[in-house]
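First up is the structure itself, then whatever we jot down about it.
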Protein chains: 4
Amino acid sequence: MNFGSDNMGPVHPQVMEALVAANVGYALPYGEDNHTATAIARIREVFEAPEAEVFLVPLGTAANALALSALVAPWQAIYCSEVAHIHCDECAAPEFYTGGAKLVLVGEEAAKITPAALEAAIAEGLARGLHYVQPGAVSLTQVTERGTVYSLDELRALCAVAKARGLPVHLDGARFANALVALGCTAAEMTWKAGVDVVSFGGTKNGLMAVEAIVFFKPEQAQNVAFLRKRAGHLFSKGRYLGAQMAAYLEGGLWLDLAARANAAAARLAAGLAEVPGGAILHPVEANMIYAALPRAAHRRAIEGGAEYFLTLEDVAGGAGDDPLPARFVCDWSVPEAEIDRFLTLLRG
Amino acid sequence: MNFGSDNMGPVHPQVMEALVAANVGYALPYGEDNHTATAIARIREVFEAPEAEVFLVPLGTAANALALSALVAPWQAIYCSEVAHIHCDECAAPEFYTGGAKLVLVGEEAAKITPAALEAAIAEGLARGLHYVQPGAVSLTQVTERGTVYSLDELRALCAVAKARGLPVHLDGARFANALVALGCTAAEMTWKAGVDVVSFGGTKNGLMAVEAIVFFKPEQAQNVAFLRKRAGHLFSKGRYLGAQMAAYLEGGLWLDLAARANAAAARLAAGLAEVPGGAILHPVEANMIYAALPRAAHRRAIEGGAEYFLTLEDVAGGAGDDPLPARFVCDWSVPEAEIDRFLTLLRG
Amino acid sequence: MNFGSDNMGPVHPQVMEALVAANVGYALPYGEDNHTATAIARIREVFEAPEAEVFLVPLGTAANALALSALVAPWQAIYCSEVAHIHCDECAAPEFYTGGAKLVLVGEEAAKITPAALEAAIAEGLARGLHYVQPGAVSLTQVTERGTVYSLDELRALCAVAKARGLPVHLDGARFANALVALGCTAAEMTWKAGVDVVSFGGTKNGLMAVEAIVFFKPEQAQNVAFLRKRAGHLFSKGRYLGAQMAAYLEGGLWLDLAARANAAAARLAAGLAEVPGGAILHPVEANMIYAALPRAAHRRAIEGGAEYFLTLEDVAGGAGDDPLPARFVCDWSVPEAEIDRFLTLLRG
Amino acid sequence: MNFGSDNMGPVHPQVMEALVAANVGYALPYGEDNHTATAIARIREVFEAPEAEVFLVPLGTAANALALSALVAPWQAIYCSEVAHIHCDECAAPEFYTGGAKLVLVGEEAAKITPAALEAAIAEGLARGLHYVQPGAVSLTQVTERGTVYSLDELRALCAVAKARGLPVHLDGARFANALVALGCTAAEMTWKAGVDVVSFGGTKNGLMAVEAIVFFKPEQAQNVAFLRKRAGHLFSKGRYLGAQMAAYLEGGLWLDLAARANAAAARLAAGLAEVPGGAILHPVEANMIYAALPRAAHRRAIEGGAEYFLTLEDVAGGAGDDPLPARFVCDWSVPEAEIDRFLTLLRG
């Protein structure tokens, strides 16, 4: 019964088999191997973007920071939501990689920024001129950090604001597949057709060991990335083991199957949480992540019963009374329905 | 017949099995899993350093750059050899991670720097005062970039120079196991007992998929590293897959067996190369890497026969006459004796 | 009639004379001259801090950024108000100098942050742990960016919060003298006695050509600053011309006289502005800077009459109706009373 | 009798008068004043470059570092001589400003690099590819750090190598006027007509208080510089005092007169030094800087007699015997002939 994060679950067996299969004989290093070539070809196919420049890296923070460092100068602003992973959860990696660019926080609602708020932030920067960081790039997260999903219209509207100012748009797609399944659209529709220029295409949270792809739809924006990745220590020497994972992930729609499973699990869990007496769902549950407030007694029963998520018995004991205590619940591809139901039974008491 | 680099060979099957075995159920992320704990415990045991602070990262460049960034300020010098990997092969990663520290190059002989040359470089920096980068740290490589191995006495003498100036010593141990086997000493003797403060303890070139450990023998020098690693995007979320590799590597002396195999292969190859008519070994062959000059005709025969190393038929055709052409040959743990012999047969013509 | 900024006014004649007097023969470069020595001695005397480490630099942004870079690591947070000069007006200089530290914005009231808001921000950072920037330093501005002045009690309370968390406190004193005159206390009381560790002691806005002093009350925090200043290109070669300015500034209380004049001018102007029909003072006027909203017609009359401040006829024409339009008015030491009165006459119509 | 450095002498009286004259009333800040406009216009005129982008900064290290940071990416190389000021005397400022670019040292003769050595360094970098810093820019110094002057042919040949590789050329012109007078050519001939793209046009060492101009002949290379200067804390708020100095410097050929005086003084001194028994001139004396070796006894007599340069009695006492001891002698614009002769008399004994 683990709902802590989708980075705590196992690698999918097909991916593991692909790693074993790739482990034969010699292969060219630094991403010049055949597995990486296959992975890149499949990414281009999935995104309907034959010209896309693709870079595999092991970690999502690296993918985001490298992507942003290719887009902005150190005296520029990256516009993102107040709860963006790049701001809250990467310990100033974007600042490090960009040489000191500033993350300018745009107010959010359920982790989504609005075109009006974005436009206001950009306009304010321009008005300040030389004395303030100037518009550099916009970074969105899909699935957002609150488990919501930007609709295609919302994405298009935000990208339109950016484009009107000449700004590139980055999409942090750590849970890209979950969002895609939720929207039921194509990868192209959710990215370059909507106006996204670069995407951090995540795999680690959806059944891979550690691979994310940085996908640049405009090759001219990717000219420096090979060097930036190398000097950051993110160019795998044994690149075949990144390539093999990503190739297996995209083969036969595995990535979408896994995301669909995770989303379905979250829907089942959310439906049950909504019925826990005294509980409340805090944000629309649109992918595989749920924010809910539950009575302290319910939390206590669940944790004592073996459930794991980012709350401890100490947290639960922390407050007086039985006011509902908010928590995050994430479902990964591997969580069995039975575990969800057992968890809900514990919560209901 | 691949002698290109030890990063082109496969992962050892026991390591692969350990990954599969670790791939069950949920595990805490960010290196708080049991596999990482086991790996760290084994590293401390191997180094006889129960207080050592250990950080696993996927890549060697990251290990080196993070280690150095923990030791020096941006206005300081890192002393290293002219052929040091950190200078020649990391695309300014140390400069990036340290915020602009300068690599001050110390002349070398077969990739080894001497205490006198090191002392002179430090003294010159001090004499220049405020206007030049001031002494920050010393970085040595073991096995060196020319395949030679510092003796314990040589290491001690260099560390003594550093210590007399109050400087920490970093050891780039990308081929640590190969050196250790060559010297026949303990890991402690080759590091902290000789005066080394921090080691990049490599595994990737010796049978792992992608793991290096940064080992700080003085915990007070490691205080910032968790943060530096995180902001660099090198903190694995699914840390168990790093931990499991490293734990398997150190179990039952596997790491030393693999290094011994690679060194033995290189010795066999070197003996054969020395007998190729017109050929010459360029540096003492002390581990698993050989620099040799061979007649162009020999190179041509080998490459046309299927041998792979960092020389192309174009390179071979490049010069006039049959003056010997230098090349590097590296043996990894997996190279069969028969392949070596076949290669030598081709070279001999 | 210039109320644009106190960096638009002239250098005080006594300072100019000191520059001319210093311009004789040879002098040691890089701040080793006698004028710099005198300046530093006077600063130590003024601050009653004989052990203080003092660094002269030409510009305030450099003073702030250097001071902060001596206090925080690149993975740390600098807490400041949402309108802090270091955030809004230095084009990411603190991020550049610190190697990417993050300015964490603390909500403000009339540009003052409260102990509760500061404590909450620090606590939130600690709770997020490794994934977010960790507490590094607190930066306050005195006079604030809205023309208000922290009382000694307010400063002490904020410093107490910082100290309880082990954080150093930086004070951006671009208008230090104006605040000091306003509070009627000693320089020591407004800094180290209240808990401030480092102050950017401004002179440029108060009659100097271009000198600010970075004053570290704890020498151990200043150990790197000589190198940081040098590598930033802020170590004057002809240091005597910085030293001579600062020495003259502090001689015979000139600096306090000039600030008193500027504050008195602002008080006179504020009193008059409050009486402009339809006008309103927006923040308490406690030093030499005023924020006031005035009818558009009043602005138009003043600007057409020759008054200069950061508002153009275009700005004034920008909106409909005659809703009051906010503007900033700054008085420097040199503004004649007659100019103020003439300006007020124009505004009143 | 001061021959320590041309940064130890006074400001020329005409420059001082210009500062006093500029010190009247209010002026727009941040370089938007009339004095700065005049200075920029005169620089464009002097360089016959009406489109040049010009930025005034107080210090030479800042000028060099800013110029280079506009030209190279952090993963690139700046080629310079082993004795270049940017390498030896700026405490890693170029590394700081560029975000970690590497200074690749090219061997020199009397501080001049040769086209062949430059070409070899570039070719080696390209051959190493992704793993090493890639060609970014070439930086030359004129007058060189050994007092020699590149001829126009030499400059053209070096620039031709750079251009053939698509690299921009920076010229560190800390002693630009001295070189120009030495060559007897135009400023345009010594820069853009020879292939130089950006020049750090020094004034501080030739009679100014503290002003250097960064002159970009290709405006497209200067697009970021206003922001880079601002975030580095080098945008003067009271810009008129930089502008007034530079405008006075260029008025009526003052800058060339001063340089001619300094060069003539050095020629007189060099002629005398060559006749000191046991002495030797070490490099061709082509501008205002001399490297000479003199008997220890001669040094002792001079220093005891009141001469000042970068040698102490302790240095002189340091060695045994009377082997000649090398020293640097610099003449600034203000040194009287009588002082030179007195110095020579002391040296001769």
Side-chain angles (χ1 to χ4, degrees), chain A residues 1-2 4-5 7-13 15-17 19-20 22-30 33 57-66 90-97 99 204-205 208-210 227-242 308 332 334-335, chain B residues 1-2 4-13 15-17 19-20 22-30 33 57-66 90-97 99 204-205 208-210 227-238 240-242 308 332 334-335:
Chain A
M1 284 189 298
N2 188 304
S5 176
N7 64 23
M8 297 168 75
V11 174
H12 190 269
V15 175
M16 219 62 188
E17 283 157 24
L19 282 172
V20 172
N23 193 40
V24 175
Y26 293 94
L28 285 175
Y30 304 119
D33 63 281
V57 292
L59 302 176
T61 292
N64 286 337
L66 282 169
E90 301 188 353
C91 198
E95 286 89 341
F96 175 39
Y97 275 72
T204 310
K205 287 187 187 331
L208 298 189
M209 187 180 283
F227 299 100
L228 296 172
R229 178 175 60 170
K230 170 68 191 179
R231 77 163 189 145
H234 284 290
L235 176 60
F236 248 56
S237 57
K238 296 186 172 176
R240 60 171 136 171
Y241 301 104
L242 294 186
E308 292 178 275
D332 87 322
S334 75
V335 62
Chain B
M1 284 190 298
N2 188 304
S5 176
D6 32 13
N7 64 23
M8 297 169 75
V11 174
H12 190 270
V15 175
M16 219 61 189
E17 284 158 24
L19 282 172
V20 172
N23 193 38
V24 175
Y26 292 95
L28 284 175
Y30 303 119
D33 64 281
V57 292
L59 302 177
T61 292
N64 286 337
L66 282 168
E90 302 189 351
C91 197
E95 286 90 339
F96 176 37
Y97 275 72
T204 310
K205 286 185 184 339
L208 298 189
M209 186 180 285
F227 299 100
L228 295 173
R229 179 177 59 172
K230 170 70 191 177
R231 79 162 187 145
H234 283 290
L235 177 60
F236 249 56
S237 59
K238 296 187 172 175
R240 60 171 137 173
Y241 302 104
L242 293 187
E308 292 177 275
D332 88 321
S334 75
V335 61

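Quick caveat: nothing in here was measured; it's all calculated off a predicted structure. Chain A is the first sequence line, chain B the second, and so forth, proteins listed ahead of strands; every chain is numbered from 1.
Expressed to the nearest 0.5 Å, how far CZ of A/Phe96 lies from CZ of B/Arg231 amounts to 4.5 Å. Between atom CZ of residue A/Arg229 and atom SG of residue B/Cys91 there is a gap of 11.5 Å, rounded to the nearest 0.5 Å.
Between chain A and the residues B/Pro10, B/Ala62, B/Pro58, B/Gly60, the most heavy-atom pairs under 4.5 angstrom are made by B/Pro10. Chosen from A/Glu95, A/Lys230, A/His234, the residue pairing most often with chain B at heavy-atom distances under 4.5 Å is A/His234. Among the candidates A/Phe236, A/Tyr26, A/Phe227, the residue making the largest number of heavy-atom pairs closer than 4.5 Å to chain B is A/Tyr26. Of the listed residues B/Ala210, B/Pro13, B/Gly25, the one with more heavy-atom pairs under 4.5 angstrom with chain A than any other is B/Gly25. Of the listed residues A/Glu308, A/Met209, A/Glu90, the one with more heavy-atom pairs under 4.5 angstrom with chain B than any other is A/Met209. Ranked by heavy-atom pairs under 4.5 Å with chain A, the first of B/Thr204, B/Asn2, B/Thr61 is B/Asn2. Comparing A/Asp332, A/Leu28, A/Leu242 by heavy-atom pairs within less than 4.5 Å of chain B, the highest count is held by A/Asp332. When the candidates A/Ala65, A/Ala232, A/Ser237 are compared by the number of heavy-atom contacts under 4.5 Å with chain B, A/Ala232 comes out ahead.
With a 4.5 angstrom heavy-atom cutoff, B/Val335 touches chain A via backbone and side-chain atoms both. In this structure, the portion of B/Leu235 lying under 4.5 Å from any heavy atom of chain A is its backbone and not its side chain.
Taking each heavy atom of A/Arg240 and A/Ala22 in turn, the nearest pair found is NH1-O, 2.9 Å. Looking at every heavy atom in both residues, B/Val15 comes nearest to B/Leu208 through CG2-CD2, 3.6 Å.
Using modelled atom types and a 3.5 Å distance limit, the side chains of B/Tyr97 and B/Asn64 yield no donor-acceptor pair.
Contact of the A/Leu19 side chain with the B/Met16 side chain is registered, since non-hydrogen atoms from C-beta on lie closer than 4.5 Å.
The main-chain N or O of B/Ala27 is never found under 3.5 Å from a side-chain atom of B/Lys238 such that the two would form a donor-acceptor pair.
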